[in-house]
Participant: 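Input: one structure, supplied below.
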Amino acid sequence: ICNNTIIVSNQSMTGTQINGSGSDAQVRNCVFINTRNGVIADAVGADRIIITNNTFENMSVNGVLLSNISNVNFTNNTIRGSQNGIRLNNGENNSVDNNIFYNLSDFGIILRNQTTANARNNNISNITFSGIQLDLDVPLQNRTTFNHSISGNYLCGIRREAVRITNYVADNTLNGLVSANTFCNS
């Protein structure tokens, strides 16, 4: 969809929108500046979206907002100066790995109703609320978050609001750094 492109807006439009229930969409090597959302997709049945090596600056809402999508690979991106970094709603088999999130006004990573999700090796700092927010209205299975560097956030490093979680692993203290968050570290 986007390859080696700079997209600049007045914070009223979305940088890239993925429509339909297609598969194999890729957003690579792009810079999104001052858009409402950098990348947005809401497509039941969409599969295999790869978002890698992008920079998202000063989004008025989300760097990336993906709903009803499975098999997302969000890797090696930088998101700064936005409301939220990445928000994944109602999906499965999604990964958020090796990204940098900083100076965000709400959350770095939001995983909402993900039946299987991994967030690994992310650097998350200077977030007003929480570095990682885990929201669940449905039972969660097999979610892993580990090896992050999460620091300097006002509320929490990792915050969980859940109905039921099974096979959840949050191994930040042994393999990563969760520190200097105002109210809670994990």
Participant: How about Thr128 and Leu104: do any of their side-chain heavy atoms sit closer than 4.5 Å?
Facilitator: no
Participant: To the nearest 0.5 angstrom, please state how far the CG atom of Asn37 sits from the CG atom of Asn84.
Facilitator: 9.5 Å
Participant: Is it the case that Asn121 and Asp97 place a side-chain donor and acceptor less than 3.5 Å from each other?
Facilitator: no
Participant: For residues Arg120 and Ser95, determine if any side-chain heavy atom of one lies less than 4.5 Å from a side-chain heavy atom of the other.
Facilitator: yes
Participant: Flag the pair Val39 / Ile51 as yes when at least one side-chain heavy-atom distance between them is below 4.5 Å, and no otherwise.
Facilitator: yes
Participant: In terms of hydrophobic clustering (I, L, V, M, F, W, Y; side-chain heavy atoms under 4.5 Å; direct or indirect links), are Ile49 and Ile7 co-clustered?
Facilitator: yes
Participant: Got a donor-acceptor contact below 3.5 angstrom from the Asn73 side chain to the Ile50 backbone?
Facilitator: no
Participant: Measuring from atom CD1 of Ile100 to atom CG of Asn123, what distance do you get when rounded to the nearest 0.5 angstrom?
Facilitator: 6.0 Å
Participant: Classify the side-chain pair Asn89/Arg87 by whether it contains a donor and acceptor separated by less than 3.5 Å.
Facilitator: yes
Participant: Do you know which two heavy atoms are closest between Ile127 and Phe107, and how far apart they sit?
Facilitator: CG2-CA, 3.6 Å
Participant: Do Phe101 and Val96 have side chains that get closer than 4.5 Å, going by heavy atoms?
Facilitator: yes
Participant: In Å and rounded to the nearest 0.5 Å, what is the CD1 to CD distance from Ile79 to Glu57?
Facilitator: 11.0 Å
Participant: If you look at every heavy atom in Met13 and Thr35, which pair is closest and at what distance?
Facilitator: O-CB, 3.3 Å
Participant: Mind checking whether Tyr102 and Thr78 have side chains closer than 4.5 Å, heavy atoms only?
Facilitator: yes
Participant: For the residue pair Ser60 and Gln83, what are the closest heavy atoms and their distance?
Facilitator: O-OE1, 3.4 Å
Participant: With rounding to the nearest 0.5 angstrom, report the CG to CG distance, Asn94 to Asn118.
Facilitator: 9.5 Å
Participant: Please round to the nearest 0.5 Å and tell me the distance separating atom OG1 of Thr14 and atom CE of Met59.
Facilitator: 10.0 Å
Participant: Pick out which of Asn58, Thr16, Ile6, Thr55 makes a side-chain contact (heavy atoms from CB on, under 4.5 Å) with Phe32.
Facilitator: Thr16
Participant: Does Cys30 offer a backbone N or O that forms a donor-acceptor pair with the side chain of Asn54 under 3.5 Å?
Facilitator: yes
Participant: For the atom pair CG (Leu66) and CG (Leu88), what is the distance rounded to the nearest 0.5 Å?
Facilitator: 5.5 Å
Participant: For a 4.5 angstrom cut-off between non-hydrogen side-chain atoms, does Asn62 reach Ile86?
Facilitator: no
Participant: A quick test of your reading: do over 12 heavy atoms of other residues, nucleotides or ligands sit less than 6.0 Å from CZ of Arg48?
Facilitator: yes
